[in-house]
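Within every chain, numbering begins at 1; the chains are lettered A, B, ... in the order of the sequence lines, protein sequences first and strands thereafter.
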Number of protein chains: 2
Amino acid sequence: MAAVSAPSGPPETLSGRERILSAAAQRFLDAGYVETSLRDLAADVGMKAGSMYYHFESKDALLIAVLERGMSLMVDAFEEVVDGFAVAGVDNAIESAADQRLAAHITAHLRALHDNRAFTAGHVTLFRTAPQVVREAVLPLRDGYEARWTALLAEVLPDRSIDERTMLRLGLFGAMNASIEWLDTGRGTVDRFARLVADQFWRGVGSEPSEESSGKGKR
Amino acid sequence: MAAVSAPSGPPETLSGRERILSAAAQRFLDAGYVETSLRDLAADVGMKAGSMYYHFESKDALLIAVLERGMSLMVDAFEEVVDGFAVAGVDNAIESAADQRLAAHITAHLRALHDNRAFTAGHVTLFRTAPQVVREAVLPLRDGYEARWTALLAEVLPDRSIDERTMLRLGLFGAMNASIEWLDTGRGTVDRFARLVADQFWRGVGSEPSEESSGKGKR
DNA sequence: GTCTATACTTGGATAGAC
DNA sequence: GTCTATCCAAGTATAGAC
């Protein structure tokens, strides 16, 4: 779902639009939206500023494209996990599977977030102060993703009030998304953080550290 | 500690520098740093752009002042909690007090964050992309605050590895600080969120919801 | 598809009058 | 302390040649 027009050929033959999109995502992440000039951006892809308007109608449209791709990737990752649990069969011990479902979605969220860092990070770092037209354009996709998590938490934490679930969800989002600003990229690191977050979220830090994530004592 | 030259008189007699500082903090929060022009800012305090240079040597200096004030307020809040536990006496049941110490600091962090939203939010929303001179100027204060939390977690979670404590700390920071972007201001709301975060962080969501924060079932 | 040239706007900062 | 006037730099966007 939420298909993104994927590049067909090898990286060298990426379309002009694709190359601009990637460079923009990276620059927006590193320097911010307003701080990034179309001149610098054009230089990144070996073009001049004016030429970019053949591919994008405005700078805002460029940001919208970056954010839409980022959120589509997050949605896709969520749905993959859903599909995975669907084929696992409906007659599982649904009670004890709650923490595992949550853990799977946490891992998927963090992997998608970091694997596509350039496109996804914008939602964390620059959505809030983006031009209104940009926010409005991207909002439907974002709302859809949040709705999926809202539904997930309702299933997994049925005894909590709606207010509590909302705060828990936003707290969890905060913990995960802030990692964009400090976590080293790399699958191993991301997965370790994901396991820690999932374990901490469900069991808390008051109980014993789990066996596989740390030996006995400090290492 | 980390004393901030506080205004002396009533709000109407705030010095020009103070009024500029508050207006700047608010505008930076709402619109972002680069998006805020000195002309708009001057209009907020009933001045013209050129006049601001009597009070601040540059726009960067203005942002530095905002961020320093914000972080000083956070440090002060942390130290107040430390002092509170100090007078409570050293011969307490230190083992069982770990979760209470943590909860007190979480509440203090969230209160300080939201009570001084305009000044503190900048550290969440615009520190990352701030000009390098700004980041460098404010970094010592930030490092000091983080060091306090690092030490706190070392005392409270002695069995965890340093790596895990770092990730837990940054995850907790993420959960708390992201609330700047969604939590309604207001002491009641902030305190409820603080209790939820503290409880969730220590005990997890897998266990029963605590008695005082929710009745039985959904309400 | 990409270039050059340029129109148009806005912003940070300075100088000097009051 | 605040104003007006102004300089200078930089950015988005457009037009038209190639």
Side-chain angles (χ1 to χ4, degrees), chain A residues 5 7-9 11-28 30-67 122 126 129-135 137, chain B residues 5 7-9 11-28 30-67 122 126 129-135 137:
Chain A
S5 62
S8 41
E12 298 81 18
T13 47
L14 280 175
S15 71
R17 188 185 163 94
E18 258 333 288
R19 280 165 46 231
I20 292 172
L21 211 53
S22 295
Q26 192 60 48
R27 276 227 178 233
F28 291 166
D30 294 338
Y33 179 61
V34 259
E35 295 90 331
T36 298
S37 76
L38 293 181
R39 296 189 222 280
D40 293 344
L41 205 44
D44 284 349
V45 295
M47 292 181 16
K48 297 296 179 178
S51 313
M52 320 252 306
Y53 286 84
Y54 176 81
H55 302 280
F56 291 92
E57 84 172 315
S58 71
K59 195 185 176 188
D60 282 355
L62 194 44
L63 179 55
I64 291 174
V66 169
L67 291 175
L126 44 84
T129 53
Q132 193 181 3
V133 280
V134 174
R135 290 203 310 274
Chain B
S5 63
S8 42
E12 296 81 19
T13 47
L14 281 177
S15 71
R17 188 185 163 92
E18 260 329 291
R19 281 165 46 231
I20 293 171
L21 210 54
S22 295
Q26 192 60 49
R27 275 226 179 234
F28 291 165
D30 294 337
Y33 179 62
V34 259
E35 294 91 330
T36 299
S37 76
L38 292 182
R39 289 171 169 81
D40 293 344
L41 203 44
D44 284 349
V45 296
M47 289 181 18
K48 297 296 180 179
S51 314
M52 319 249 310
Y53 285 84
Y54 175 82
H55 303 279
F56 291 92
E57 83 173 314
S58 71
K59 194 187 177 189
D60 281 355
L62 195 44
L63 178 55
I64 291 175
V66 168
L67 291 175
L126 44 85
T129 52
Q132 193 181 3
V133 278
V134 174
R135 290 202 311 272

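- Side-chain contact between A/Asp44 and A/Gln26 is absent, with no heavy atoms from C-beta onward closer than 4.5 Å.
- Taking CZ of A/Arg135 as the start and OG1 of A/Thr129 as the end, the distance is 8.5 Å to the nearest 0.5 Å.
- When each of A/Leu21, A/Leu67, A/Thr36, A/Val134 is tested with A/Leu62 by the rule side chain to side chain contact (heavy atoms under 4.5 Å, CB included), just one qualifies, namely A/Leu21.
- Checked by atom type and distance alone, the side chain of B/Arg39 never pairs as donor or acceptor with a backbone atom of B/Ala49 at under 3.5 Å.
- Side chain of A/Arg19 to main chain of A/Val45: a donor-acceptor pair is present (N/O by atom type, distance under 3.5 Å, no hydrogens or angles).
- Taking a heavy-atom distance under 4.0 Å as the criterion, the stretch of DNA chain C touched by chain B extends 5' to 3' from C/dG11 to C/dT14.
- Computed from coordinates, the B/Glu35 CD to D/dG11 P distance equals 15 Å when rounded to whole Å.
- Looking at A/Leu63 and A/Leu126, their side chains come closer than 4.5 Å, going by heavy atoms from C-beta outward.
- For the pair B/Tyr54 OH and D/dT4 P, the computed distance is 18 Å after rounding to whole Å.
- With rounding to the nearest 0.5 Å, the separation of CD1 in A/Ile20 from NE2 in A/His55 is 4.5 Å.
- Between the side chain of A/Tyr33 and the main chain of A/Lys59, a donor-acceptor pair closer than 3.5 Å is present.
- Here the P atom of nucleotide D/dT12 and the CD atom of A/Glu57 are 15 Å apart, to the nearest Å.
- Taking every heavy atom of residues 36-49 of chain B and every atom of DNA chain C, pairs under 4.0 Å involve B/Thr36, B/Ser37, B/Leu38, B/Arg39, by number.
- Atom-to-atom, NZ of B/Lys59 to C1' of D/dA10 comes out at 13 Å; the value is rounded to the nearest Å.
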